[in-house]
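The structure appears below as structure tokens.
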Amino acid sequence: MDKLFCLDERLKKCASLVQESARLVDVGTDHAYLPVWLLKSEKISFAIASDINEKPLENGRLTAEKYEVNNIEFRLGSGLETITAEDNISDVVIAGMGGEVISAIIDESPLTRNKSLNLILQPMTKSEQLISFLYENGFEIKEQSCVISKGKIYTVMAVRYSGDTIKTDDAFPYLGKLDIKDETNLIFIRTHIKHLENKSRGDSSLLPLVNKLKRVIE
Ligand SMILES: C[S@@+](CC[C@H](N)C(=O)[O-])C[C@H]1O[C@@H](n2cnc3c(N)ncnc32)[C@H](O)[C@@H]1O
């Protein structure tokens with residue numbers, strides 16, 4: 001059997017937010033690196049690797065075979081439609097997709113409105129849209145940070161359903177629960193500011209938000 005591979009910093013951060021002994025579903029698993037790594041390192045003992053496309057699942061089956069992992073199920077379908085209440089899932093990872101796709105996956109499944117479910121989300125784009133969706137729909141970020149992986153910056157968050165819609169200001173979707181004393185988090189927030197500044201050239205109504213975000217990180 002091959003020696004266990006290393007996860008990149010992005011997936012390592014997702015893995016660190018998975019609860020010990022979790023029953024995990026990895027939505028959009030592709031090569032199933034995350035569930036296979038978690039099973040091999042014995043942090044968890046059951047996982048479902050789910051994907052909307054057959055080819056990524058084939059890749060995932062090859063990874064599981066290569067590392068002799070048996071306690072993993074592969075399921076084909078969109079989002080969480082592959083999961084039933086009987087699967088008794090405790091943790092869901094949705095990583096490597098756009099913020100709007102992640103929002104739709106959460107919105108479309110009644111399973112996500114469960115206060116004991118740990119949702120680990122890693123949007124590739126539009127994290128601010130995802131955060132707005134979460135707070136408008138009774139979800140709350142418990143933990144959030146940023147990592148640099150292969151020269152790119154990513155944010156990763158652990159989220160729970162509380163059922164309460166928490167009112168936030170216009171800066172919150174860009175800041176989330178990031179600790180602004182952390183240099184990597186600051187790089188991420190500055191990227192948002194730069195993007196908004198560029199947009200404000202054609203839409204001056206964004207300038208107060210740009211200035212607010214600048215003041216927060218000053
Ligand atoms: C870029 S890969 C991410 C793989 C892995 N999660 C990661 O973060 O490295 C995106 C995967 O999500 C799958 N995908 C896209 N939309 C999906 C959906 N609605 N439901 C399930 N899987 C989806 C794609 O087929 C692809 O395998």
Side-chain angles (χ1 to χ4, degrees), residues 4-19 22-41 43-44 46-67 69 72-85 87 89-113 117-127 129-131 133-134 137 139 141 143-159 176 184 188:
L4 186 58
F5 54 90
C6 287
L7 291 178
D8 64 20
E9 293 303 315
R10 180 180 63 84
L11 287 180
K12 207 186 280 176
K13 176 51 80 176
C14 294
S16 75
L17 294 173
V18 172
Q19 302 174 104
R23 286 180 64 85
L24 173 77
V25 56
D26 182 30
V27 175
T29 197
D30 200 356
H31 287 81
Y33 291 135
L34 181 78
V36 166
W37 188 89
L38 283 164
L39 288 163
K40 282 304 285 184
S41 46
K43 183 169 185 182
I44 65 171
F46 175 76
I48 296 170
S50 188
D51 206 285
I52 197 169
N53 293 306
E54 186 54 58
K55 181 75 183 137
L57 286 184
E58 272 171 36
N59 295 335
R61 283 191 197 96
L62 289 175
T63 307
E65 223 171 87
K66 183 170 176 186
Y67 295 98
V69 165
I72 183 165
E73 290 182 16
F74 291 91
R75 299 197 189 162
L76 179 67
S78 178
L80 286 159
E81 72 176 27
T82 57
I83 305 302
T84 67
D87 290 315
I89 292 301
S90 64
D91 292 50
V92 175
V93 173
I94 315 175
M97 288 175 232
E100 71 285 28
V101 177
I102 297 177
S103 304
I105 289 173
I106 294 170
D107 201 27
E108 281 160 17
S109 173
L111 296 176
T112 56
R113 270 87 174 167
L117 187 71
N118 184 32
L119 292 156
I120 297 130
L121 312 176
Q122 186 275 299
M124 298 301 263
T125 54
K126 299 190 181 158
S127 60
Q129 276 190 26
L130 172 62
I131 293 175
F133 162 81
L134 292 170
N137 287 279
F139 295 88
I141 300 172
E143 208 180 320
Q144 184 185 2
S145 58
C146 295
V147 289
I148 294 174
S149 194
K150 298 176 186 161
K152 286 192 178 163
I153 191 151
Y154 303 95
T155 194
V156 184
M157 56 192 95
V159 168
T184 309
F188 186 76

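Small disclaimer: the values here were computed from a predicted structure and weren't measured. Atoms within each ligand, like the ligands themselves, are counted from 1 in listed order. Reckoned from all heavy atoms, side chains included, excluding hydrogens, waters and symmetry mates.
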Gap separating the OG1 atom of Thr84 from the CD1 atom of Ile48, nearest 0.5 angstrom: 7.5 Å
Which residues share a side chain to side chain donor-acceptor pair (under 3.5 Å) with [X], sequence neighbours left out:
X      : value
Asp107 : Arg113
Gln19  : Asp91, Arg160
Glu9   : Lys12

Going by atom types only, do Gln144 and Thr155 share a side-chain donor-acceptor pair under 3.5 Å? yes
Using a distance-only test with no angle check, is there a side-chain donor-acceptor pair under 3.5 angstrom linking Ser50 and Thr82?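 Per modelled atom types, Ser50 and Thr82 side chains form a pair under 3.5 Å.
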When you pair each N or O of ligand 1 with protein N or O atoms, which pairs come out under 3.5 Å?
| residue | atom | partner | partner atom | Å |
| --- | --- | --- | --- | --- |
| ligand 1 | 6 (N) | Gly28 | O | 2.7 |
| ligand 1 | 6 (N) | Ala95 | O | 3.0 |
| ligand 1 | 8 (O) | Arg10 | NH1 | 2.8 |
| ligand 1 | 8 (O) | Arg10 | NH2 | 3.4 |
| ligand 1 | 8 (O) | Ala95 | O | 3.3 |
| ligand 1 | 9 (O) | Arg10 | NH2 | 2.7 |
| ligand 1 | 19 (N) | Ser78 | OG | 3.3 |
| ligand 1 | 20 (N) | Gly79 | N | 2.8 |
| ligand 1 | 22 (N) | Ile52 | N | 3.3 |
| ligand 1 | 25 (O) | Asp51 | OD1 | 2.6 |
| ligand 1 | 25 (O) | Asn53 | ND2 | 2.9 |
| ligand 1 | 27 (O) | Asp51 | OD1 | 3.4 |
| ligand 1 | 27 (O) | Asp51 | OD2 | 2.7 |

